[in-house]
Amino acid sequence: MIRTGIGYDIHKLKEGLPLFIGGINIKSLLGSVGHSDGDALIHAIADSLLGAAGLGDIGKFFPSDDEKWRDAQSNIFLSEVKRMIVQKGYQISNIDCTIIIQKPKLQKFVPDIKKNIAKILNISEELLSIKATTTDHLGVIGKSKGWSVIAIATIYKNDEQSNN
Ligand code: ZN
């Protein structure tokens, strides 16, 4: 059985805050506003995996009005989501993501981001694709008022396991 899920997230950007992307602290004048660390990449990937497994969304498990998750490191969410999908008998086949941010240029950070996400999910980097783009200065993202991420995950389980 093969299933796919999408994830989308957007966070505001503000001066003086850290910018965590995929758990990597990116050098930037603007940082991500969020109840947790505002890591839209991890949030979108978590949502794509939950969606693929039919489990709901990240807000259901880690509500942003819960004090427990204030300033939480988002890698906690992602490793917990991985545990949940594995518990349902699924393995990750592929994850593809596009980060949409005007600046900074992310190209040089992508290898570290990829390595860290693969580590959190305990999967080979081969199963993971991370791309970055801008909006060519158009709209709120183009004006650096925010950044967003779209992710798609493909997961599978074999037939014997899908009977439970
Ligand atoms: Zn988020």
Side-chain angles (χ1 to χ4, degrees), residues 3-86 90 92 94-106 109-110 112-123 127-135 138-155:
R3 297 175 61 147
T4 57
I6 62 165
Y8 174 78
D9 196 23
I10 184 163
H11 280 258
K12 286 182 194 163
L13 288 169
K14 198 180 151 189
E15 257 179 57
L17 292 174
L19 179 62
F20 281 100
I21 302 185
I24 303 296
N25 196 346
I26 306 288
K27 200 170 186 286
S28 167
L29 284 174
L30 301 171
S32 193
V33 179
H35 181 71
S36 62
D37 61 6
D39 195 325
L41 176 60
I42 288 190
H43 300 172
I45 293 174
D47 255 3
S48 71
L49 289 167
L50 288 170
L55 285 168
D57 63 38
I58 191 171
K60 176 175 155 188
F61 298 101
F62 313 103
S64 59
D65 56 4
D66 189 337
E67 279 304 308
K68 191 175 166 189
W69 308 118
R70 181 177 293 280
D71 299 326
Q73 278 193 308
S74 293
N75 59 355
I76 301 166
F77 306 153
L78 191 55
S79 49
E80 179 60 14
V81 164
K82 169 73 190 295
R83 194 194 60 75
M84 285 190 272
I85 67 159
V86 166
Y90 290 107
I92 294 166
N94 184 63
I95 295 171
D96 184 26
C97 318
T98 300
I99 304 162
I100 306 144
I101 191 166
Q102 191 60 46
K103 60 184 180 196
K105 289 264 171 282
L106 291 185
F109 300 107
V110 166
D112 281 346
I113 293 170
K114 215 170 151 178
K115 190 180 278 182
N116 197 47
I117 299 279
K119 195 175 115 191
I120 297 165
L121 288 171
N122 192 24
I123 58 171
L127 307 184
L128 192 56
S129 156
I130 307 229
K131 314 182 298 300
T133 190
T134 71
T135 62
L138 289 169
V140 287
I141 290 175
K143 306 274 182 296
S144 287
K145 302 228 175 284
W147 66 297
S148 70
V149 178
I150 187 157
I152 181 163
T154 306
I155 61 174

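We're numbering straight along the sequence, starting at 1. Model, not experiment: these values are computed from the prediction. In listed order, ligands and their atoms are each counted from 1.
- Among residue pairs with one or both ends in residues 50-67, those qualifying as salt bridge (Lys or Arg N to Asp or Glu O under 4.0 Å) are Glu67-Arg70; sequence neighbours excluded.
- Protein contacts to the Zn ion (ligand 1) involving N, O or S atoms at a distance below 2.8 Å are Asp9 OD2, His11 NE2, His43 ND1.
- Remark: Phe109 engages no residue in a ring pair (Phe, Tyr, Trp, His ring centres under 6.0 Å) (not counting sequence neighbours).
- Ring-plane geometry between His11 and Trp147 is classed as tilted, the angle between the planes lying from 30 to 60 degrees on a 0 to 90 degree scale.
- Taking a 6.0 Å sphere around NZ of Lys114, one finds it holds more than 12 heavy atoms contributed by other residues, nucleotides or ligands.
- Scanning for side chain to side chain donor-acceptor pair (under 3.5 Å) contacts around Ser129 gives Asp96, with sequence neighbours left out.
- Relative ring orientation between Phe77 and His43 is described as tilted, the plane-to-plane angle lying within the 30° to 60° band.
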